[in-house]
Amino acid sequence: MNILSIESSCDETAAAVIKNGTHILSNVVVSQVDIFAAYGGVIPEIAARSHLETILPVIHQALNDANLTKNQINAIAVTHTPGLLGSLLIGTLTARALAILWHKPLYAVHHLKSHIYANWLESHSVPEFPLLALAISGGHTQILYMPAHNQFEIIGTTRDDAVGECFDKVAKILGLPYPGGPSISKLALTGNPQAYPLPHPMIDNLDFSFSGLKTAVLRSVQQACHLPITTPSFELAHHLTDQMKADFAASFEATACDILLEKLQLALKTHPDVKSIVFAGGVSANQTLRQKAQTSPLNEKSLFFPAPQFTGDNAAMVGAAAYFEIESGTQPTDPYKLNIAPRTNITN
Ligand code: KG4
Ligand code: ZN
């Protein structure tokens, strides 16, 4: 089965052709990151207009790279939620139009599900069920229990900020370029993770909280620079030396990773039957997280991380998620009734 998949939920315009859920025939991603580096973050109106310009050439390229015509496509899949509304509209309306014109079944896929299924792409071994998934992106921080394909139970979630958002905000405090996650990771390599002790939230169930960690970094930077707590965050970076920035990056990164992994270990206690642990979403690219996980008690289970090209937003993962939805009996969506950007979570 060949699925043409489309992703446009934030600032990547992407299309891919996936064969039987795991084999990539083509994978095209056009990132808007260079546009938004100048602004220090995504501007939704610019993102939507950029998707509009790029989406048809990207789909065209995906079909060309796969060396397939539309007649050899069996289904169309598209990210329909969550994401920026204008961005989602470009992808969903394009997918809907193609499904109607080409008489193909249409599958609307939840973005987080796609991130999880990135672990099935071109992998020599695949996760075994039941499994725990740690979904860590710019918008989500969740632990999910999956007893089988396409079955999700959210067992822990953030009560405030997502961990990726926290990486991005701390990067801003330190004056590092957008996107914050990769900038922090790079700088942390030359920093001391023990230089600035930062607190862990006192939540005893499987939920997370990251807004306190962000504020703790802010206060710690103000204190290290001998500045009052009224000093605005955007004025702090030029008071820091390069070494202090590296030490803050390393201390923050280590703390954020430890918080994530401690919760996963707690989740293993409540769900001892799991066979695999799957990491998903942009933050799963983080090398410190990967190394810490592999040297922690979690390593008794099989750990899965997406290949580097599939940690961020892409359409290949959408095709994988759609395939396993189809295999699990999900019926296609009537393109005329496609619910664009519904406010639902992965379990709906
Ligand atoms: O999954 P993703 O590409 O988009 C969303 O669905 O949100 O995740 C983007 C997030 C951003 O917050 C970015 O800073 C973070 O993933 N990120 C990282 C790394 N690479 C990307 N965070 C930590 N370490 C990284 N290496
Ligand atoms: Zn994403």
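Just so you know, ligand 1 is whichever comes first in the structure, and atom 1 is the first atom listed for that ligand.
When D168, D11, V42 are ranked by how near their heavy atoms come to atom 12 (O) of ligand 1, first place goes to D168.
Around the NZ atom of K104, the shell of radius 6.0 Å holds more than 12 heavy atoms that belong to other residues, nucleotides or ligands.
Considering backbone and side-chain atoms together, G164 places an N or O closer than 3.5 Å to an N or O of ligand 1. No N or O atom of F167 sits closer than 3.5 Å to an N or O atom of ligand 1. Between G138 and ligand 1, at least one N/O pair is under 3.5 Å apart.
In terms of distance to the Zn ion (ligand 2), the nearest N, O or S atom of D313 is named OD1.
Taking 4.0 Å as the cut-off, P182 counts as a neighbour of ligand 1 on heavy-atom distance. The closest approach between any non-hydrogen atom of H111 and ligand 1 is below 4.0 Å.
At a heavy-atom cutoff of 4.0 Å, ligand 1 is contacted by the side chain of H115 but not by its backbone.
Looking only at heavy atoms of the protein, atom 21 (C) of ligand 1 is closest to G282 O, 3.4 Å.
Using a 4.5 Å heavy-atom cutoff, the side chains of L4 and L68 are not in contact.
In the model, S211 has no side-chain atom that pairs as donor or acceptor with a side-chain atom of D161 under 3.5 Å. Inspection of the H80 and T92 side chains reveals no N or O donor paired with an N or O acceptor under 3.5 Å.
Put simply, C10 stays out of reach of the Zn ion (ligand 2), with no N, O or S atom under 2.8 Å from it.
The aromatic rings of Y117 and F152 stand perpendicular to each other, their planes meeting at an angle above 60°, with 30° marking the opposite boundary.
Considering only residues two or more places apart in sequence or on other chains, D207 meets the salt bridge (charged side-chain N to carboxylate O under 4.0 Å, His left out) condition with R159.
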